[in-house]
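Remember, it's a predicted structure, so these values are computed and weren't measured experimentally.
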Amino acid sequence: MEFGASNYYIIGELITCWVSLLLCVNIVLSFSLYDKRQRLFLYATGATFLAALFDIFSVFAITFYEDIPIPLCTLVSTIYFIFLIVCPYVMSEYALDIAAEHSKYKKVWSTISTSVYIIYLLIILINTKTGWVFRYDFFQGYIRGPLKYMTYSLSAFYGGFIILTVVIYRKSLARRLFWVFVAYPFVSLFFVGIQFFYPHVILTGIASFTSVLFAYVTVQSYLMEMNFVTGLMTEGKLKKRLSMQKKGGVLYIFTIDNINMVQSCLDVAELNLMFHKIGSIFLNYYPRDSYIISINRLAAIGRTIDEVSEKGNLISEEIKKLSLDINSFIPIPIESYSAAIEFSKDDNEYDSMIDLVNNMLNKAKLNQLHKLQICDESIFVDRERKRYIYRILRRELNLDSEQFQVWFQPIYSIEKKKFVYMEALSRLQSTELGDIPPQEFVQVAENRGLIEMLGFVAFEKVCKFISDNRDTVDAVSINFSVYQMMNPNVVANVLDTIKRFSLTPSNIIMEITESIFIDNYELVMKNMLELTKAGVKFYLDDFGTGYSNLTNVISLPFSTIKMDRSLVLAMEESQRGVSLFFDLVSTFKGVGFKILVEGVETNNQNYLVERAGVDYIQGFLYSRPLPAQDCIELFKRLENQKKRS
């Protein structure tokens with residue numbers, strides 16, 4: 001009898017049973033079992049618990065074999081041996097699933113690992129007949145067989161299997177995960193080695209559990225920094241990665257511009273599948289350095305501009321194929337822009353780089369540049385210019401400013417054959433930087449949180465203009481942004497301002513786009529209804545520039561539909577464009593709307609829109625935007641001419 005009736009140290013197994021049971025409960029209660037890798041952790045931990053538990057039972061069977069039926073002793077030890085190798089086997093599958101997820105040889109490796117365990121399982125099951133591993137004798141007790149060291153050999157095999165797997169597929173693993181899988185077998189073999197040389201110190205469970213716990217804690221902390229839908233790391237991890245960067249690199253940002261439209265066309269499952277596929281594309285090119293910053297923005301860190309340019313083009317092509325695939329679940333093309341900025345180990349401040357990237361992406365969107373934008377000296381100049389514009393706006397956004405002005409573009413009534421009112425347009429004139437185009441300073445205001453202030457200061461200037469020219473001006477239309485309409489005090493602010501300048505609500509026409517309803521339809525509609533009830537009119541601006549929900553258009557209190565210039569240009573391109581425009585005008589007028597067309601610049605365009613039956617025309621053919629006084633003089637001059645005629 002090799003062991004005899006000696007005492008065994010099983011405190012380690014008792015601790016393993018308790019702690020592994022707690023870990024199993026934690027995994028189950030985390031509601032994360034939908035994830036295959038979480039389930040593998042559960043299997044490994046559960047097998048460790050059962051192996052440690054039956055190891056304790058087996059120790060009692062070995063020690064008190066004379067008082068326990070031999071078949072029961074054999075059964076207990078057999079169950080122990082069955083579960084003993086489950087943990088190393090499952091962890092080898094876990095390492096394979098993470099490291100070789102996209103490998104075509106994954107199934108081959110998995111078959112080898114599984115086959116070894118199945119052979120081992122068969123040997124254990126027939127051991128009751130062969131005694132190759134162990135047997136019980138009524139007189140001698142527990143006796144080891146010729147394969148008594150098989151479990152040690154298999155533990156070493158699976159340890160080597162894990163190391164070989166992560167070494168072969170090292171490029172697809174984060175550095176932290178690579179080293180934890182390399183260390184995992186050695187942690188386990190350390191305790192196995194102690195038991196090998198000191199058989200009375202039972203550490204089988206400790207060997208499995210310590211290594212599993214080590215892997216679990218490390219991997220879980222890594223997964224906390226990961227987005228599960230895309231498989232990409234989060235923005236927090238990107239910031240940390242850049243701050244710890246020991247050498248320079250290139251930050252690559254990819255943004256989906258029409259994400260709202262894509263979202264509206266997909267259900268949750270389809271949207272998640274789309275992001276999973278996009279995440280897989282990124283991981284294919286940047287397996288260790290792919291990140292998700294927001295729902296529509298992804299990032300990666302490359303080594304050189306040339307490398308990022310090449311991979312960026314390939315990523316764009318793959319995502320384009322994804323959206324154009326005839327079997328794709330995405331019903332509309334994905335519109336995207338991308339930018340890259342080179343950084344050094346001493347100049348890698350995240351917010352500063354993102355600020356520059358945003359400038360590039362905005363510029364790309366404005367000019368419809370879908371090619372990768374690379375940061376150069378002009379970007380830094382542009383950033384400094386925008387900072388200067390921001391300072392100018394902070395200084396000039398007030399009622400008395402002479403640099404922040406409101407200009408006016410007259411609007412012509414076909415029925416009355418004259419200008420009847422005008423649209424207010426913000427201008428930033430004669431600054432230190434000269435005249436700043438509206439699209440430039442409005443963008444700065446939006447990015448720097450000044451757009452709401454800009455809108456209300458412009459509104460105050462419009463009210464003052466109407467008040468100063470009551471004999472000439474009946475009404476002025478002015479654009480209200482989403483930020484203004486989302487302000488819970490917008491109704492009070494508008495009506496108080498109108499009252500302060502002794503005007504009536506009918507003097508004001510508010511132009512809003514339909515995109516204003518995306519974020520908070522109920523609040524915006526409530527504000528619109530209150531202002532309409534007070535006497536303010538609403539125009540739907542930019543109809544024809546994007547997706548329009550006709551149900552909203554009809555149900556909301558718009559009095560006039562403002563057709564975008566793109567519809568006017570479409571009429572000149574084809575007969576279909578003419579038919580579409582005429583049908584739209586007829587449909588809207590049929591349900592009581594007035595029609596205003598903007599962007600009319602030629603006599604031919606004017607002829608077409610008049611034939612269509614529109615009510616109002618706005619465009620360079622009639623008048624360009626004019627400073628306040630010039631616009632008043634134009635109105636008075638035309639009125640005098642009409643009187644003389």
Side-chain angles (χ1 to χ4, degrees), residues 235 238 250-263 291-300 305 308-309 312-313 315-316 319 333-343 349-394 397 404 425-428 431 433-455 458 479 481-484 486 513 515-516 518-519 541-542 545-547 564 566:
E235 185 178 23
L238 174 60
V250 178
L251 177 63
Y252 167 69
I253 302 290
F254 179 93
T255 183
I256 301 173
D257 184 57
N258 61 334
I259 188 64
N260 288 331
M261 292 182 67
V262 172
Q263 279 184 296
Y291 308 85
I292 180 165
I293 299 176
S294 63
I295 189 172
N296 69 323
R297 186 168 287 195
L298 299 92
I305 287 290
V308 170
S309 296
N313 290 333
I315 288 172
S316 296
I319 291 179
I334 294 176
E335 295 180 5
S336 62
Y337 301 95
S338 57
I341 179 172
E342 197 167 11
F343 62 88
E349 203 273 316
Y350 179 76
D351 290 335
S352 177
M353 284 194 289
I354 289 296
D355 189 34
L356 286 171
V357 168
N358 285 338
N359 287 339
M360 287 189 285
L361 292 173
N362 288 330
K363 186 176 180 181
K365 180 179 177 180
L366 186 65
N367 297 297
Q368 291 294 296
L369 304 173
H370 294 282
K371 187 179 178 181
L372 177 68
Q373 303 299 296
I374 298 173
C375 183
D376 54 23
E377 186 62 32
S378 66
I379 300 298
F380 290 93
V381 172
D382 185 59
R383 180 177 66 168
E384 290 306 310
R385 176 177 171 83
K386 282 180 168 53
R387 287 178 175 175
Y388 211 116
I389 292 173
Y390 171 71
R391 290 196 291 269
I392 293 172
L393 285 172
R394 286 293 301 269
L397 286 182
F404 179 66
L425 302 165
S426 297
R427 294 290 186 266
L428 203 53
T431 71
L433 300 177
D435 296 344
I436 302 173
Q439 63 268 27
E440 189 175 13
F441 71 75
V442 168
Q443 183 187 97
V444 172
E446 287 181 345
N447 293 339
R448 296 299 187 95
L450 294 178
I451 190 65
E452 189 175 355
M453 182 188 296
L454 185 151
N479 283 281
S481 71
V482 62
Y483 304 97
Q484 290 170 275
M486 292 282 287
T513 61
S515 62
I516 227 168
I518 291 175
D519 293 322
D541 194 15
D542 295 336
T545 58
Y547 176 79
D564 186 73
S566 60

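Put simply, NZ on Lys386 and CD on Gln443 are 5.0 Å apart, with the number rounded to the nearest 0.5 Å. If you take CE on Met360 and CG on Leu372, they are separated by 8.5 Å, rounding to the nearest 0.5 Å. Once rounded to the nearest 0.5 Å, the distance linking CD1 of Ile389 with CD1 of Ile436 reads 4.5 Å. Atom CD1 of Ile293 sits about 12.5 Å away from atom CZ of Phe254, to the nearest 0.5 Å. Atom-to-atom distance recorded for Tyr388:OH and Leu393:CG is 12.5 Å, nearest 0.5 angstrom. Here the straight-line distance linking atom CD1 of Ile292 with atom CG of Leu238 works out to 12.0 Å at 0.5 Å rounding.
Residues passing the side-chain hydrogen bond (donor to acceptor under 3.5 Å, both in side chains) test with Asp435, sequence neighbours excluded: Gln429.
Nearest heavy-atom pair across Arg385 and Pro437 is NH2-CD, 4.4 Å.
When the shell of 6.0 Å around CZ of Arg394 is examined, it contains 12 or fewer heavy atoms from other residues, nucleotides or ligands.
No side-chain donor-acceptor contact under 3.5 Å links Asp542 to the backbone of Thr513. Under a 3.5 Å cut-off, the side chain of Gln373 and the backbone N or O of Lys371 do form a donor-acceptor pair.
Applying side-chain contact (heavy atoms from CB on, under 4.5 Å) to Ile253 and the options Leu298, Asn358, Ile354 leaves one that passes, Ile354.
Side-chain contact between Lys365 and Thr255 is absent, with no heavy atoms from C-beta onward closer than 4.5 Å. Here the side chains of Phe441 and Ile392 are not in contact, with every heavy-atom distance at 4.5 Å or above. Taking the side chain as every heavy atom from C-beta outward, Val442 and Ser426 never approach each other to under 4.5 Å. Taking the side chain as every heavy atom from C-beta outward, Leu433 and Leu428 never approach each other to under 4.5 Å. No side-chain heavy atom of Asp351 sits less than 4.5 Å from a side-chain heavy atom of Asp355. Side-chain contact between Pro438 and Leu425: absent, with no pair of heavy atoms (C-beta onward) separated by less than 4.5 Å.
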### Steps toward side chain to side chain contact (heavy atoms under 4.5 Å, CB included) verdict (Ser336, Ile319)
CA-CA 9 Å; Ser336 62; Ile319 291 179; 5.5 Å; no
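With hydrogens and angles left out, the side-chain atoms of Tyr350 and Glu235 include a donor and acceptor closer than 3.5 Å.
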